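In what follows, a single structure is set out as structure tokens and then discussed.
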2 protein chains.
Amino acid sequence: MATISDVVKRSGISKATVSRVINNHPHVSKEKREKVLAAMKELSYTPNPTARRMRGQLNTTVGLVVHRVVNPYFSYLMDAIERKAAEHNIRVIFFQSKEDKQKEFEFLDLLKQKQVDGMILTTVANSVEDIRPYLEYGPIVFCNEYLRIDDVPIVRISEEDAAFTGVTHLLEEGYRNIAYCTGGLFADEGKDRDRNTGFRKAMEAKQLSINPEWVFIDQHSIEDGRTVMKKITEMDNKPDAIFTGSDEVAAGMTIAAREYGVKIPEDLAVLGFDDQPLCLLTSPQLSTIHQPIEEMGSLAAELIIKLFKGEKLEQLEYELPIKLVKREST
Amino acid sequence: MATISDVVKRSGISKATVSRVINNHPHVSKEKREKVLAAMKELSYTPNPTARRMRGQLNTTVGLVVHRVVNPYFSYLMDAIERKAAEHNIRVIFFQSKEDKQKEFEFLDLLKQKQVDGMILTTVANSVEDIRPYLEYGPIVFCNEYLRIDDVPIVRISEEDAAFTGVTHLLEEGYRNIAYCTGGLFADEGKDRDRNTGFRKAMEAKQLSINPEWVFIDQHSIEDGRTVMKKITEMDNKPDAIFTGSDEVAAGMTIAAREYGVKIPEDLAVLGFDDQPLCLLTSPQLSTIHQPIEEMGSLAAELIIKLFKGEKLEQLEYELPIKLVKREST
DNA sequence: CTCCTTCATGAAACCGGTCTCACTATATAT
DNA sequence: ATATATAGTGAGACCGGTTTCATGAAGGAG
């Protein structure tokens, strides 16, 4: 690889001026600028990013924390982020935290060490107080997360609206005995609290009360879905619809339904969440809440890039609209 | 962030010796070593990776090229690679090439510029001749690819064995009219050639000939699968089994089968390829060829890490075993 | 015509490390 | 006792850029 010194030798022009040309600084005569550009071209010279970073002059890598790549929700997010970043010639270092607090810290340290110039967190295990100190070292953007830190932009959907829309859909289809999956019915912050609120509001709007027997806590995987379905078949007083909060759970339920001879949606309507590709594969195909993942990822990337450029953001909270997708399961 | 100079000041020991301690070099007295370590601890000092990289003394990032993150095959590969890398404190910069030759070059340039210290290519658009020059700048490992370059280690499955095993399975289940999806029946290199060979050998072993009408070229997506199923329903002389070469295609076929009232496997047996999670979601669940993705990714990461350390590899070609998974579709 | 900006330029410091080299002190070989 | 290796140490060059600063030339104001 040619270095700046090679360009200096070839062009007979000083290092300082060559650097000015590289960085498009003013105060360089047209004549010299052209000589330098010619020499750079002849040597097919590219400035060494490592050297530039030494002086803190380079913003070209963003760190991306996801829970797991194999979770389609995150892989679609990564896809959108990487594409937007690539457009701007930004590199993406990714990292699976699996909600491990220690590992999360280790990755955040890359910011401290200037190995990355900013971070997009799509999942965060640590608390606000633990994250805040890292802001000193570079910009952070939250995407799909619920933590709020002043000055940290956040991109997400309105979970309350999503739950409200989903449950209202079930009610409008005529179902009245609604089961519900959540991380915790009495969560006092985050996603779950807002989804719970949306659920309650939708039920109250029809003067319906919540049957605690039909509330399932912490169900996430396909396997969990099978368990939920099993439990429901064993109930005397069965719900006629379920808001699963997750396509995986919903998919697991369709599999178990076949085994137990439960008909969806006749015996039990099932509503997913996310609109992942698997919705089209199950039988019946899943009705679900479509999350604008593409837009979320793309926006998060745009925000971090703006921050790289030192631009001020006019807005810090972005709530993107969800959409109900009705298919066969409701 | 504390720098080496801060450690120098605090410990009263020279930069050179501090560096020796950092890098565990010999010829440092126990006494000074401990003083330095104490100072480092007190300042919670971490060496700046960018500075170390300047002197070519750091191997901590690997570039990873995939086709698309959202393709589960690749996301599982990424998962395995990232996990193994994280164990060794190696960072992964990923990149979606989408088979774009120009973009692939741009990413390979990171190797030239020492932005990454090595590359794992799980898909490659350019030719051997185009890739070879980059070897000068750092190690490359192929994973899931078919290109052969001397000295470049490669991790993959035996496509011939996979096709042979798959088709033989169909034959053993009693099917005789086997349809087949491939990138090209007369491919003279790569995956397709080997799969074709496997297909032919399996058929010849039963003295069966190949019906060219039943060979589908370049089918990859769920949508493609629907098309294939449609074409088959329109045939006068129908196959009774199909080797799809792809879970997606197989999944698409199950969806279309429902629409056209085709019974799987009674009317048509369908065999997938990869053993992706979606195999369990379709109805019927898909029989498929299980690829050892986990092992492939993990091994590829191990190889690049060995090369980082300057170790010699005793073996360059790794063919990992596939496994037939029989479910409901055959 | 002098004084003050602004432009154009290169020398040298700097970023935070690693590494070569020269030098001293001690141990071993002859 | 002298020659020779080896451990321990720090000064300073170096990696490849950016940035400060000093200097000279040109242009405009008074």
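Labels below follow one simple rule: chain letters A, B, ... track the order of the sequence lines, proteins then strands, and each chain is numbered from 1. A quick note: this is a predicted structure, and the numbers were derived from the prediction, not measured. The analysis underlying the following values was restricted to heavy atoms, covering all of them including side chains, and did not include hydrogens, waters or symmetry mates.
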Does B:Pro49 offer a backbone N or O that forms a donor-acceptor pair with the side chain of A:Lys114 under 3.5 Å? no

Check whether any side-chain nitrogen or oxygen of [X] sits under 4.0 Å from OP1 or OP2 of [N], and answer yes or no.
| X | N | result |
| --- | --- | --- |
| B:Asn23 | C:dT18 | yes |
| A:Ser19 | D:dT18 | yes |
| B:Ser14 | D:dG10 | yes |
| B:Arg52 | C:dG17 | no |
| A:Thr17 | C:dG10 | yes |
| B:Ser29 | D:dT9 | yes |

Interatomic spacing from OH in B:Tyr318 to CG in B:Leu299 - rounded to 0.5 Å: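 With rounding to 0.5 Å, OH (B:Tyr318) is 6.0 Å from CG (B:Leu299).
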
Rounded distance [0.5 Å steps], CE in A:Met40 versus CD1 in A:Ile4: 9.0 Å

Given atom [atom1] of [X] and atom [atom2] of [N], what is their separation to the nearest angstrom?
| X | N | atom1 | atom2 | value |
| --- | --- | --- | --- | --- |
| B:His25 | D:dT9 | NE2 | C1' | 15 Å |
| A:Lys112 | C:dG16 | NZ | C1' | 17 Å |
| A:Glu31 | C:dA8 | CD | C1' | 11 Å |
| A:Met40 | D:dG16 | CE | P | 16 Å |
| B:His27 | C:dT24 | NE2 | C1' | 15 Å |
| A:Asp6 | D:dC15 | CG | P | 11 Å |
| A:Lys35 | C:dA8 | NZ | P | 16 Å |

So if I take every side-chain heavy atom of B:Val28 and compare against D:dT19, C:dG16, D:dT9, which nucleotide ends up nearest?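 Looking only at heavy atoms from C-beta outward on B:Val28, the closest nucleotide is D:dT9.
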
Side-chain donor or acceptor of [X] under 3.5 Å from a matching atom on the base of [N]?
| X | N | value |
| --- | --- | --- |
| B:Lys15 | C:dG17 | yes |
| B:Arg55 | C:dC19 | no |
| B:Arg20 | D:dG10 | yes |

To the nearest 10°, let me know how far the axis at one end of the helix from C:dC1-D:dG30 to C:dT30-D:dA1 is tilted from the axis at the other, five pairs an end. 40°

With side chains defined as the heavy atoms from C-beta onward, is the minimum distance between A:Glu319 and A:Arg156 less than 4.5 Å?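 Yes, their side chains come closer than 4.5 Å.
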
Hey, mind stepping through B:Asn23 and B:Arg52 against side-chain hydrogen bond (donor to acceptor under 3.5 Å, both in side chains) and telling me if it holds? CA-CA 11 Å; B:Asn23 296 286; B:Arg52 307 181 89 176; 2.8 Å; yes

So, for B:Arg53 and B:Leu58, which heavy atoms are closest and what is the spacing to 0.1 Å?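 Heavy atoms only, the tightest pair is NH2-CD2, 3.7 Å.
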
Would you mind telling me which residue lines up with the more 5' stretch of DNA chain D, B:Ala51 or B:Lys30, judged by nearest nucleotide? B:Lys30

Parallel, tilted or perpendicular for B:Tyr134 and B:Phe105, by the 30°/60° rule?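 B:Tyr134 and B:Phe105: parallel rings.
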
